[in-house]
There are 2 protein chains.
Amino acid sequence: MVIVADSYPLDTPSPYPAAEIARAWRRERPGTPTDSIEIVTPLWRLAKLFADDRRRLLADLGVDPATLDLLSVLRRAGAPYELTTRELSRLTLVTAGAISQRVARAEDSGLVTRRNADDGSRAVVVTLTETGHDMIERTVDQVLTRESELVASLSPTGRAELASQLQELLDDVGRRARKP
Amino acid sequence: MVIVADSYPLDTPSPYPAAEIARAWRRERPGTPTDSIEIVTPLWRLAKLFADDRRRLLADLGVDPATLDLLSVLRRAGAPYELTTRELSRLTLVTAGAISQRVARAEDSGLVTRRNADDGSRAVVVTLTETGHDMIERTVDQVLTRESELVASLSPTGRAELASQLQELLDDVGRRARKP
DNA sequence: GTCTAAATGTTTAGCTCTAAACGTAGCATG
DNA sequence: CATGCTACGTTTAGAGCTAAACATTTAGAC
């Protein structure tokens, strides 16, 4: 049995590169399809690095990531900063239950208000309050500036190219992925 | 005020493309650096799609993702399938506390054992049991086969190219990102 | 030897999420 | 009108994670 631990140092500051993981599986279980590993693994790790970094920045600012996500979507929608919970769920990719909880928290903090839609449906409309608007304005520049620094190694063309590849893959995986 | 909701339909089955989000912020807050958005947003969404899809597959198989992650790292390490908790923490990118909980759960289920290292350090060595080994063997092919299907739209060269761009970005972001 | 600093693993408090169970409000059909 | 279907939002149970507080051991410094 080939021992990966023998061929790659275990005390490096970062985890194995994905190529090494794929190689390890091919050795340990020949025949297993490993072609997704070099895409999925770095993708997850990058997402986690960005998420952890953002969470720490936001913790300093006294905001939590879920609330920022909610307020951002409302803010981006433009005046009058309103969306239904259903739209919020779709735009943020979290379940309706989670939206319900997020909105409840934000409402308790006075960042949004909730009211029934008047269009005959049962929809609930969530509106950004002035407090919520202020919070977003205070925060978003810092978050985006920070994240801009994190991707600073990419050249404009390299960034555009990677962005389009990711968006293309996202569209495709979105069609194939199993829904709730 | 430009209203994004006016220029992009709200009832599409998927969320806005990242380019649309970046454009919305440039309109709503000119001057805010938006160059990270087209990288970070699709990255997060892809990571979530893959994570959700895997979680659902694993639920059918009666496994939870955190345990699979733990067992996978041990399995890939090759015989005798042992790593210290510190190494596990680094290889899986989760905190020491989370590893402690994961190992405790897996130990309760008889999937791993725990013992003190005999090399004079205080390290705890985690070892895969036969039950744990069986569980991983039963599961990993299905997971990797499924994920291989999800990235099937990529050509071999396209996949290799994307993989290397991601790995490069990961290495760089790993250096810049804020650590705990 | 004694004391202190560094290294490690564990426990706990607080959050957030998903899935599933609920509770209802529109709506169509007969 | 009843009846049942469908669409939606909310609540709840159970998991898992992070950060921080702990606890304990090892290794030096003197």
Side-chain angles (χ1 to χ4, degrees), chain A residues 11 44 47-60 62-70 83-90 92-109 112-126 177-180, chain B residues 11 44 47-60 62-70 83-90 92-109 112-126 177-180:
Chain A
D11 57 347
W44 268 349
K48 182 148 167 51
L49 287 180
F50 282 116
D52 286 350
D53 194 274
R54 178 182 281 196
R55 180 165 35 71
R56 284 164 192 144
L57 170 60
L58 289 179
D60 294 345
V63 191
D64 74 85
T67 300
L68 183 78
D69 191 29
L70 174 70
L83 293 171
T84 66
T85 60
R86 184 127 302 244
E87 288 163 346
L88 289 170
S89 175
R90 186 177 47 76
T92 58
L93 293 184
V94 303
T95 60
I99 289 295
S100 190
Q101 296 174 56
R102 283 185 181 188
V103 171
R105 287 197 298 273
E107 191 178 34
D108 287 347
S109 307
V112 302
T113 59
R114 224 186 320 201
R115 70 159 201 282
N116 291 320
D118 45 10
D119 63 353
S121 79
R122 261 196 75 217
V124 170
V125 176
V126 180
R178 201 171 140 181
K179 302 291 191 283
Chain B
D11 57 349
W44 269 348
K48 184 151 167 47
L49 288 180
F50 282 117
D52 286 350
D53 194 273
R54 177 182 284 196
R55 180 164 34 70
R56 284 162 193 146
L57 171 60
L58 289 179
D60 293 344
V63 190
D64 74 85
T67 300
L68 183 79
D69 190 30
L70 174 69
L83 293 171
T84 66
T85 59
R86 184 127 303 243
E87 289 163 346
L88 288 170
S89 175
R90 185 175 50 74
T92 58
L93 293 184
V94 303
T95 61
I99 289 295
S100 191
Q101 296 172 55
R102 284 185 181 187
V103 171
R105 287 197 298 271
E107 192 179 32
D108 287 345
S109 307
V112 302
T113 58
R114 225 186 318 202
R115 69 161 201 283
N116 291 319
D118 46 9
D119 64 350
S121 78
R122 258 195 78 215
V124 170
V125 176
V126 180
R178 199 168 142 183
K179 302 292 190 285

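Keep in mind that what you see is a predicted model, and the values were worked out from it rather than measured.
The nearest heavy atom of DNA chain D to A:R56 and to B:D64 marks one nucleotide each, and the one closer to the 5' end goes with B:D64.
Straight-line distance from the CZ atom of B:R102 to the P atom of C:dT10: 14 Å, rounded to whole Å. Nucleotide C:dT16 holds its C1' atom 11 Å from the CZ atom of A:R55, rounded to whole Å. Per the geometry, NZ belonging to A:K48 stands 11 Å off C1' belonging to D:dG16, to the nearest Å. When the P atom of C:dC17 is taken as reference, atom CG of A:L88 falls 13 Å away, rounded to whole Å. The distance from atom CG of A:D52 to atom P of D:dC17 is 12 Å, rounded to the nearest whole Å. Between B:D60 atom CG and C:dA20 atom P the separation is 10 Å, expressed in whole Å. Atom-to-atom, CG of A:N116 to C1' of C:dT24 comes out at 12 Å; the value is rounded to the nearest Å. Rounded to an integer number of Å, the gap from CG of A:L70 to P of C:dC17 is 10 Å.
The salt bridge (Lys or Arg N to Asp or Glu O under 4.0 Å) search around A:R122 returns none, not counting sequence neighbours. Residues that satisfy the side-chain hydrogen bond (donor to acceptor under 3.5 Å, both in side chains) test with A:R86, not counting sequence neighbours, are absent from this structure. For B:R105, the side-chain contact (heavy atoms from CB on, under 4.5 Å) criterion is met by B:A66, B:Q101, B:R102, not counting sequence neighbours. Scanning for salt bridge (Lys or Arg N to Asp or Glu O under 4.0 Å) contacts around B:D60 gives A:R178, with sequence neighbours left out. Every residue meeting the side-chain contact (heavy atoms from CB on, under 4.5 Å) condition with B:T113, not counting sequence neighbours, appears here in chain and number order: B:T127, B:T129.
Under a 3.5 Å cut-off, the side chain of A:S89 and the backbone N or O of A:V94 do form a donor-acceptor pair.
Regarding contacts with the backbone of D:dC17, a side-chain N or O of B:R105 is found under 4.0 angstrom from either OP1 or OP2. A close approach under 4.0 Å does occur between a side-chain nitrogen or oxygen of A:T95 and OP1 or OP2 of C:dT18.
Between the CG atom in B:L58 and the CG atom in B:D64 there is a gap of 8.0 Å [rounded to 0.5 Å].
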**Complete:** In 5'-to-3' order, the base (B), backbone-only (S) or no-contact (-) status of each nucleotide in nucleotides 2-14 of chain D, using a 4.0 angstrom heavy-atom cut-off, is -----BBSBBB--
